Amino acid sequence: MQDVQDKISGLRERKRADTHARVHAAAMELFGRKGFEATTLDDIASSAGVSRRSLFHYFASKEDIVLSTKAGLGDLIEAAVARRPADEPLLTMAENALTDMAADFQGPGPRALARLIHDTPALRAGDQAKYEALEGRLALAMATRKHLSPDDLQARVVATTAIGVLRMATETWLASDDDRGPEVHGKAAFAALRQAATRID
């Protein structure tokens, strides 16, 4: 009996995951074609083959659909930090972890998502909140990796700076007209930070 219940539960979870992915894909296609503001929740529900009421079981708003794409960034950052040598200096650890992670965001899809968020005021506010959350995740991950206090000041300062560099690198990436990935712009931004820190005026 338990096996049957487990199978039913597994089928429900897979169905939920499939519907979640279908709604998200339909929304992103519509946002790209019609624009974020012009796309309605009814449009998304119709395109995904679900009712408007069912859509709200998966996403609270149009903004939530877009920003949910970044929901796993904190986990990716923690995993990237965990792969770094524990004896790396904090800034080097942050740089390598973030640029390694950014290397996975190649191609037109991630760039289109970043541009959609950048160009849509309603999305930028939510994106700002996610960046602030990432600062805390990065600081704690580095403190853990280096066996420091969870609220270590240096880890927090480096994390705040590094996430700021990540945001600037994303801006540079979007403004560029080449095919280089975001990690290239990240490395350039970190190099500029190091040069500024050692510059003597």
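No experiment lies behind these values; they were computed from the predicted model shown.
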Any idea which heavy atoms bring [X] and [Y] closest together, and the distance?
X      : Y      : result
Val165 : Ala189 : CG1-CB, 3.5 Å
Leu41  : Ser61  : CD2-C, 4.4 Å
Ser176 : Trp173 : OG-O, 2.7 Å
Glu37  : Thr120 : OE2-CG2, 4.1 Å
Arg156 : Ala139 : CA-CB, 3.9 Å
Arg16  : His57  : NH2-O, 3.1 Å

Would [X] and [Y] pass as an ion pair if we require N to O under 4.0 Å?
X      : Y      : answer
Arg124 : Asp119 : no
Lys146 : Asp152 : no
Lys187 : Glu183 : no
Lys34  : Asp43  : yes
Arg194 : Glu95  : yes

Task: Of all pairs that satisfy salt bridge (Lys or Arg N to Asp or Glu O under 4.0 Å), the ones with a partner from residues 47-66, not counting sequence neighbours - done: Asp42-Arg52
Rounded at 0.5 Å granularity, tell me how far [atom1] in [X] sits from [atom2] in [Y].
X      : Y      : atom1 : atom2 : answer
Met168 : Ile163 : CE    : CD1   : 13.5 Å
Ile77  : Glu135 : CD1   : CD    : 10.0 Å
Ile117 : Leu123 : CD1   : CG    : 6.0 Å
Thr39  : Ile65  : OG1   : CD1   : 9.5 Å
Arg83  : Asp100 : CZ    : CG    : 7.0 Å

Task: Pair His20 and Phe59, ring centroids less than 6.0 Å apart - done: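 Centroid separation for His20 and Phe59: below 6.0 Å.
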In one Ile/Leu/Val/Met/Phe/Trp/Tyr side-chain cluster, 4.5 Å: [X], [Y]:
X      : Y      : answer
Met142 : Val157 : no
Leu30  : Leu67  : yes
Val158 : Leu193 : yes
Tyr58  : Leu55  : yes
Val50  : Met28  : yes

TODO: With side-chain contact (heavy atoms from CB on, under 4.5 Å) as the test, would you mind laying out the steps for Arg167 and Glu171 before giving the verdict?
DONE: CA-CA 6 Å; Arg167 295 183 64 181; Glu171 296 276 345; 5.7 Å; no
Open item on the list: Counting C-beta onward and ignoring hydrogens, is there a side-chain heavy-atom pair between Leu140 and Asp151 closer than 4.5 Å?
Closed with: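 No, side chains not in contact.
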TODO: Report yes if the side chains of Thr99 and Val184 come closer than 4.5 Å at any heavy-atom pair, otherwise no.
DONE: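 Thr99 does not reach Val184 side chain to side chain.
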TODO: Look at the aromatic rings of Phe31 and Phe36 and report parallel, tilted or perpendicular, splitting at 30° and 60°.
DONE: tilted
Task: Donor on one side chain, acceptor on other, Thr19 and Arg14, under 3.5 Å - done: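 Result is no, nothing qualifies.
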Task: Qualifying ring pair (Phe, Tyr, Trp, His ring centres under 6.0 Å) pairs with a residue from residues 128-152, counting only residues at least two apart or across chains - done: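 Listed once each, the pairs would be none.
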Task: Ser47 (side chain) donor-acceptor with Ile44 (main chain) under 3.5 angstrom - done: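 No.
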Task: Test item: Arg84 side-chain N/O and Met93 main-chain N/O as donor-acceptor pair under 3.5 Å - done: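 Not confirmed, Arg84 side chain does not pair with Met93 backbone.
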